[in-house]
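Beneath this line is the structure, given in structure tokens, with notes to follow.
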Protein chains: 2
Amino acid sequence: MALDISELSDRKKLILKAIVEAHIKLGEPVGSKYLMQEANIGYSSATIRNEMAELEDLGYLEQPHTSAGRIPSEMGYRFYVDTLVTQYDATTREASELKKMLSFKMSEIDKILENATKVASAITNYTALSLRPRPSSITMKRYEAVYIDAHSYIIIMIASGVDSVKTRNVKLPYEVTPELISALSTVLNKNLLGLSINDINISVIMNMERELEEQSAKEQKLCAELISVTIKSIYETMNELGSEIKFEGVNRLLEYPEYKNLDKLQKMISTIENKEDIIRAVSTIDQSDDETKIFIGSENMVKIMDDSTLIYKNLKLNGKTIGAIGIIGPCRMDYSKVLATIDQLSEEINRLSDIRALPNANNEESDK
Amino acid sequence: MALDISELSDRKKLILKAIVEAHIKLGEPVGSKYLMQEANIGYSSATIRNEMAELEDLGYLEQPHTSAGRIPSEMGYRFYVDTLVTQYDATTREASELKKMLSFKMSEIDKILENATKVASAITNYTALSLRPRPSSITMKRYEAVYIDAHSYIIIMIASGVDSVKTRNVKLPYEVTPELISALSTVLNKNLLGLSINDINISVIMNMERELEEQSAKEQKLCAELISVTIKSIYETMNELGSEIKFEGVNRLLEYPEYKNLDKLQKMISTIENKEDIIRAVSTIDQSDDETKIFIGSENMVKIMDDSTLIYKNLKLNGKTIGAIGIIGPCRMDYSKVLATIDQLSEEINRLSDIRALPNANNEESDK
DNA sequence: TTTTAGCACTCTTTTTGTTAGATTGCTAAA
DNA sequence: TTTAGCAATCTAACAAAAAGAGTGCTAAAA
């Protein structure tokens, strides 16, 4: 099955491309007669038939049943996107609309991702998703511990690069004072700024315990415990921050006949609702990778998502990966349009940095 | 059509009840023969037939077509839940499981609601939803303003009753100092504690402006603007806090034949995805109401949700409404089970207050 | 008077059969 | 090497028939 691309003649490529595009357009198996008449292939249906038979032997096409036309196999789609897809030419109208939709009152990372997802889903008419950056790449640029009462305080964390603010409520089985919490603030900022989840090791923690002890003049055990629960909270927050996934336009799935099969739809919606599977699938992708990734059908994807394609790209802002955006739909997807939309979106977001630099009077929410 | 309940003979009630329950179980129209054999009604099918014909005349039953059995009309369901439903006797096993699932490491309101929704969906096998309390009933017990840089600061708000913490990032077109932001903190806490969204009026705002001016010794215009954007953020946060709605188990919809109709399913999923419609529908319910509300079919519900039932109940913790929980499913719903589950859940949550009172070592996240 | 058995009638669902249409693969001719 | 033509295969669509379910009504039984 592992055949060189060079094995395909130009005519085979032409025919394969025509079949994939016709199938994307119509959603039905395409036959030799249709190809001869509608696609501009200068051969008779018999010739096309022969080529199709060979393409099927090679694994690029499939035949649902004897008297049906051919549909592309996963391998066929893969070949199509890898070599044949002609870049979709986003019309100027669409591009400017996209820019308008995106630039609307945004600055905070969650907002950008949310909006990008909405725009992507609206323009492509497929289900879109967004992901936060991986936990390992998240660092904080500021910590703040706020005393609530003798048995609880709040940690506020501001993530670097993006203005995302997270808070966490910590309850304690022992008593603390406002002074101790304030000292905790100082220690956190002194020791943890810029550290990622992997950088926070025992020696860092030990050091923090010692410093808190010195600063607060409280007993060693109390300080150790306070640092311990605090670190645990920070750890959990960083993890969560790195695995948020959001969907937009789930209902659009229903517009495509491939999900009219309720079993498939059921599985797809479960996958979307549970999220973990998709997060795991996407976690294999290098975060600094600038390429648009395409997973067709069963290609190392979540097993449940056979027959579906995920197109996925990391988003950068000021050179830093702030997350990723993806589109999910049937294998029979308008690849050129989706690819163009995703590329353009990521470009526009990159360009947003200029807007962000300007101070402005909009208040932006930080959490939701 | 507006007939007294007293008009129904006991036998009619018996038969109506049997029909509703059989239809809930089977999902199909039920006929006289089935009732005679399976339900324990001591009459012949002919007698049952006569009664059924009369129940149909009275509006309690419907006949999809001549040779089909009867299905309950909305009015039939309504009568069933109002008078006939025998309280589902949650087995001890189920009850204890429920308690176990609920009590797991919870204290923060979001967690409680999220968990309750999951449990409700899992036990009933329908789609569950949760809502936050209405904006008008939300007050804050603490404000904290944290200086970030000359052009931005963060407001932290802690909602009363529940430990829900919200933060908001505010960007400014003019410069501020740490001292000014600290003064802002003081002013906020002095003036806004315990005030709901409706209580914050012009005179409160004017007073805050004056106090901030005195405290910070900054120029009047700057103080006025700072108060203004801050109030705007607080206002938005309170509003958001009061209209959060979350769903769990959407995929379960697909298990019921009434949603096999893709059109209906499509509408339902859109409704769920857009949320506003449901929020609006539920907003009509008195928040202090302790009753379990049942909306069957077209009864003053979102128009899109014809053929579906929403069961809905406010949740209280320490006597205060902390939100609400609901179940959505087909009209043909296992009412007794759903009602029992919801009632039991709300009771268990009420009882959680005891657990909450104890200090404990768990840290609980506050935002997500 | 109330209940029930029986039966004709209606409508749906399932089955079966038939036909028309689509598409292929193969063969033989161009 | 390409193409025309044709038999073979399969599906989709339609129609007709049969089976099944349930009712309403009538007349007999309790």
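Letters go in sequence order (proteins before strands), and every chain restarts at 1.
Rounded to an integer number of Å, the gap from B/Ile19 CD1 to D/dG22 P is 12 Å. One can place CD of B/Glu54 at 11 Å from P of D/dG24, the figure rounded to the nearest angstrom. Atom P of nucleotide C/dT2 and atom NZ of B/Lys12 are separated by 11 Å, given to the nearest angstrom. Atom CD1 of B/Ile15 and atom P of D/dG22 are 16 Å apart (whole Å). One atom, NZ of A/Lys33, and another, P of D/dA4, lie 14 Å apart when rounded to the nearest Å. Spacing between atom CE of A/Met52 and atom P of C/dT23 amounts to 9 Å, rounded to whole angstrom units. Rounding to whole angstrom units, CG of residue A/Asn50 and P of D/dA4 are separated by 13 Å. When the P atom of C/dT4 is taken as reference, atom CE of B/Met36 falls 10 Å away, rounded to whole Å.
Taking every side-chain heavy atom of A/Tyr43 into account, D/dT3 is the closest of C/dT3, D/dT3, C/dT24. Of the candidate nucleotides D/dT3, C/dT3, C/dT4, C/dT3 has the atom lying nearest to any side-chain atom of B/Arg11. The side chain of A/Ser44 lies closest to D/dT3 when the candidates are D/dT3, C/dC11, C/dT24.
From A/Tyr335, atom OH reaches atom OG1 of A/Thr309 across 3.0 Å, with rounding to the nearest 0.5 Å. Of the inter-residue distances, the one linking A/Leu254 atom CG with B/Met268 atom CE reads 13.0 Å to the nearest 0.5 angstrom.
A/Thr47 comes within contact range of at least one nucleobase, with a heavy-atom separation under 4.0 Å. Across all strands, B/Tyr34 comes closer than 4.0 Å to no nucleic acid atom at all (heavy-atom distances). Within the nucleic acid shown, A/Ala68 comes within 4.0 Å of sugar-phosphate atoms alone, with no base atom in reach, counting heavy atoms only.
A/Thr66 has a side-chain polar atom (N or O) that falls below the 4.0 Å cut-off from OP1 or OP2 of D/dC10. One finds no side-chain N or O of A/Arg49 lying less than 4.0 angstrom from the OP1 or OP2 phosphate oxygen of D/dG5. Close to C/dA22, at under 4.0 Å from its OP1 or OP2, lies no side-chain N or O of A/Arg70. The side chain of B/Ser45 places no N or O atom within less than 4.0 Å of a non-bridging phosphate oxygen (OP1 or OP2) of C/dA5. At D/dC10, none of the side-chain N or O atoms of A/Ser67 fall inside 4.0 Å of OP1 or OP2 (strictly under the cut-off).
When every heavy atom of A/Tyr126 is checked against every heavy atom of A/Asp334, the shortest pair comes out as OH-N, 3.0 Å. What you find for A/Pro72 and A/Leu61 is that their closest heavy atoms are CA-CD2, 3.9 Å.
Between B/Gly42 and B/His65, it is B/Gly42 whose nearest contact on DNA chain C lies nearer the 5' terminus.
Across all strands shown, C/dA30 pairs with D/dT1; the Watson-Crick or G-U wobble distances both stay below 3.5 Å.
Between the side chain of A/Arg332 and the main chain of A/Ile24, a donor-acceptor pair closer than 3.5 Å is present.
Checked against A/Tyr80 for a side chain to side chain donor-acceptor pair (under 3.5 Å), the options A/Glu21, A/Lys13, A/Lys17 give a single hit: A/Glu21.
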